Asker: 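Sending over a structure as structure tokens; questions will come in a sec.
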Amino acid sequence: MERAFWSTPYLTSLDARVLSVEGSDVMISPTIFFAESGGQESDQGTIDRIQVTQATVVGERIVYRLASAPDFAVGDLVNVQIDWPRRYALMRLHFAAEIVLELFYKKFPGLDKIGAHIGQAKARIDFTMDGNISQYFPEILAEVERLVAADLPIESRFTDTEHLRRCWLIEGFSQVPCGGTHLRRTGEVGRIRLKRNNIGAHKERVEIYLVD
């Protein structure tokens, strides 16, 4: 299965070949329809005008559950459409979260991340930490703004093609393993806002919002 959302993350529509059909579950290739992974939510959209209700990674393939049984068969060519405003919001928040996380790691080597989630409205990162994490927000935000203003290129590539392992790279900043969908340049992140959420003893949550 070719994951075109990695090579062409700005593509919103393509024609794909049907690999399998089992009831309402289908597999296609190539695909631009990202399935939830690494904390990033799935895309939303349609396959041959039928709404996709669930996208699941199964081994090295992605299974799409449709809202109704399809009338197409294995070998047919179908059109895939994704909700682009949602995808782009996810890409921006995803990369905002990646930058924030890397800046916290640089400030606190060995910091323990215990959770993360990227949605369309906000992203969050959970840490094991004593004290109020918001005291570091001004410094972190200043560094984010510097990277955004520099509008640096973001390279996304395989580190292990056989096992589908990928990374993103900003020259002079970081190289990080990640299989999500990535922006072309840091300037696309735009302005962000950080909010603290204390989720329990020795646990701190950083919520990230886009400021449009």
Side-chain angles (χ1 to χ4, degrees), residues 3-10 34-43 57 87-197 203-212:
R3 288 161 163 78
F5 53 72
W6 279 340
S7 56
T8 55
Y10 292 77
F34 184 82
E36 182 162 354
S37 178
Q40 180 179 329
E41 290 183 2
S42 299
D43 285 324
V57 178
R87 157 69 74 80
Y88 196 52
L90 287 167
M91 288 168 66
R92 290 176 64 200
L93 277 166
H94 178 186
F95 215 79
E98 292 278 9
I99 292 173
V100 168
L101 179 59
E102 279 304 295
L103 289 170
F104 269 109
Y105 280 158
K106 289 175 183 293
K107 184 171 182 62
F108 300 104
L111 182 64
D112 187 18
K113 184 192 81 171
I114 56 174
H117 186 80
I118 314 298
Q120 184 177 351
K122 70 176 180 181
R124 65 165 173 82
I125 312 169
D126 299 336
F127 298 103
T128 299
M129 177 182 281
D130 292 320
N132 188 329
I133 199 169
S134 66
Q135 65 185 299
Y136 307 111
F137 285 179
E139 177 184 345
I140 296 296
L141 278 172
E143 286 298 310
V144 172
E145 289 171 3
R146 183 186 66 79
L147 284 168
V148 170
D151 196 25
L152 300 172
I154 302 166
E155 182 182 350
S156 182
R157 65 189 183 194
F158 280 104
T159 56
D160 183 340
T161 304
E162 181 181 355
H163 296 98
L164 301 178
R165 291 173 183 159
R166 291 177 63 81
C167 73
W168 60 260
L169 168 68
I170 299 174
E171 197 67 42
F173 177 62
S174 283
Q175 177 175 311
V176 176
C178 183
T181 54
H182 299 141
L183 301 170
R184 294 189 183 106
R185 306 188 70 88
T186 59
E188 294 179 67
V189 171
R191 293 177 58 218
I192 67 168
R193 175 172 63 89
L194 302 181
K195 179 182 176 183
R196 178 209 182 211
N197 189 344
K203 296 178 182 177
E204 292 282 298
R205 171 172 291 172
V206 178
E207 296 180 347
I208 305 163
Y209 299 84
L210 300 175
V211 181
D212 293 317

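This one's a predicted model, so the numbers in the text were calculated from it and none came from an experiment.
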Asker: Under the rule for side-chain contact (heavy atoms from CB on, under 4.5 Å), what residues qualify as partners of Ala97, not counting sequence neighbours?
Answerer: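 So Ala97 forms a side-chain contact (heavy atoms from CB on, under 4.5 Å) with Ile118, Ala123, Ile125, Ile208.
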Asker: Under the side-chain hydrogen bond (donor to acceptor under 3.5 Å, both in side chains) test against His117, which residue among Glu41, Arg205, Arg124 passes?
Answerer: Glu41
Asker: Can you list every pair that meets salt bridge (Lys or Arg N to Asp or Glu O under 4.0 Å) and has a residue in residues 147-162, with sequence neighbours left out?
Answerer: Asp151-Arg185, Glu155-Arg157, Asp160-Arg165
Asker: Would the distance check show the side chain of Arg196 and the main-chain N or O of Gln135 forming a donor-acceptor pair, the cut-off being under 3.5 Å?
Answerer: no
Asker: For Arg191, check salt bridge (charged side-chain N to carboxylate O under 4.0 Å, His left out) against everything at least two apart and list the hits.
Answerer: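 Not a single residue meets the salt bridge (charged side-chain N to carboxylate O under 4.0 Å, His left out) criterion with Arg191.
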Asker: Excluding sequence neighbours, so at least two apart, what forms salt bridge (charged side-chain N to carboxylate O under 4.0 Å, His left out) with Arg184?
Answerer: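 Listed in chain order: nothing, the list is empty.
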Asker: Enter the distance from Phe34:CZ to Met91:CE here, rounded to the nearest 0.5 Å.
Answerer: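 Interatomic distance, Phe34 CZ to Met91 CE, rounded to 0.5 Å: 11.0 Å.
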Asker: Going from CZ on Arg166 to OG1 on Thr159, what distance comes out if it is rounded to the nearest 0.5 angstrom?
Answerer: 9.0 Å
Asker: Ignoring hydrogens and geometry, is there a side-chain-to-backbone donor-acceptor pair from Asp126 to Ile114 under 3.5 Å?
Answerer: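 No, Asp126 side chain to Ile114 backbone: no donor-acceptor pair under 3.5 Å.
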Asker: Holding to side chain to side chain donor-acceptor pair (under 3.5 Å), I want the full list of residues that pass it with Tyr10, two or more places apart in sequence or in another chain.
Answerer: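 Counting only residues at least two positions away or on another chain, Tyr10 forms a side chain to side chain donor-acceptor pair (under 3.5 Å) with Glu188.
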Asker: How many angstroms lie between atom OG1 of Thr181 and atom CG of Leu90, to the nearest 0.5 angstrom?
Answerer: 7.0 Å
Asker: Could I get the full list of salt bridge (charged side-chain N to carboxylate O under 4.0 Å, His left out) partners for Lys122, not counting sequence neighbours?
Answerer: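 Only Glu207 meet the salt bridge (charged side-chain N to carboxylate O under 4.0 Å, His left out) criterion with Lys122.
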Asker: Please identify each residue that fulfils salt bridge (charged side-chain N to carboxylate O under 4.0 Å, His left out) with Asp130, with sequence neighbours left out.
Answerer: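 Result, salt bridge (charged side-chain N to carboxylate O under 4.0 Å, His left out) vs Asp130: none returned.
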Asker: Rounded to the nearest 0.5 Å, what separates atom OH in Tyr136 from atom CG in Leu194?
Answerer: 14.5 Å
Asker: Quick one: list whatever passes ring pair (Phe, Tyr, Trp, His ring centres under 6.0 Å) with Phe137, sequence neighbours left out.
Answerer: none
Asker: Under the salt bridge (Lys or Arg N to Asp or Glu O under 4.0 Å) rule, what pairs show up with a residue in residues 96-118, not counting sequence neighbours?
Answerer: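 Pairs touching residues 96-118 that pass the test: Lys107-Glu139.
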Asker: Could I get the full list of side chain to side chain donor-acceptor pair (under 3.5 Å) partners for Ser42, not counting sequence neighbours?
Answerer: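 Once residues adjacent in sequence are excluded, Ser42 has no partner under the side chain to side chain donor-acceptor pair (under 3.5 Å) criterion.
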Asker: Using 30° and 60° as the class limits, which term best fits the ring planes of His182 and His94: parallel, tilted or perpendicular?
Answerer: tilted
Asker: Measure the OH-CG distance between Tyr88 and Leu210 for me, rounded to the nearest 0.5 Å.
Answerer: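 The CG atom of Leu210 is 10.0 Å from OH of Tyr88, to the nearest 0.5 Å.
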Asker: Only counting residues at least two apart or in another chain, list the ones meeting side chain to side chain donor-acceptor pair (under 3.5 Å) with Glu143.
Answerer: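 In terms of side chain to side chain donor-acceptor pair (under 3.5 Å), with neighbours along the sequence ignored, Glu143 is linked to Arg146.
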Asker: Set out, in order, the CA-CA distance, both residues' side-chain angles and the distance that settles side chain to side chain contact (heavy atoms under 4.5 Å, CB included) for Phe127 and Phe108, then state yes or no.
Answerer: CA-CA 11 Å; Phe127 298 103; Phe108 300 104; over 6 Å; no
Asker: Could you please spell out the steps behind the side chain to side chain contact (heavy atoms under 4.5 Å, CB included) verdict for Ile192 and Val148?
Answerer: CA-CA 10 Å; Ile192 67 168; Val148 170; over 6 Å; no
Asker: Any sub-3.5 Å donor-acceptor pair from Glu204's side-chain atoms to Ile133's backbone N or O?
Answerer: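 It does hold such a pair.
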Asker: Please check: side-chain N/O of Thr186 versus main-chain N/O of Leu152, any donor-acceptor pairing under 3.5 Å?
Answerer: yes
Asker: Would Tyr209 and Leu93 satisfy side chain to side chain contact (heavy atoms under 4.5 Å, CB included), going step by step from the backbone distance to the final call?
Answerer: CA-CA 7 Å; Tyr209 299 84; Leu93 277 166; 5.6 Å; no
Asker: Excluding sequence neighbours, so at least two apart, what forms side chain to side chain donor-acceptor pair (under 3.5 Å) with Glu36?
Answerer: none
Asker: For Leu103 and Phe173, what are the C-alpha separation, side-chain angles and deciding distance, and is it a side chain to side chain contact (heavy atoms under 4.5 Å, CB included)?
Answerer: CA-CA 9 Å; Leu103 289 170; Phe173 177 62; 3.8 Å; yes
Asker: What is the minimum heavy-atom distance between Cys178 and Trp168, and which atoms define it?
Answerer: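 Answer, listing the atom of Cys178 first, then Trp168: CB-CD1, 3.7 Å.
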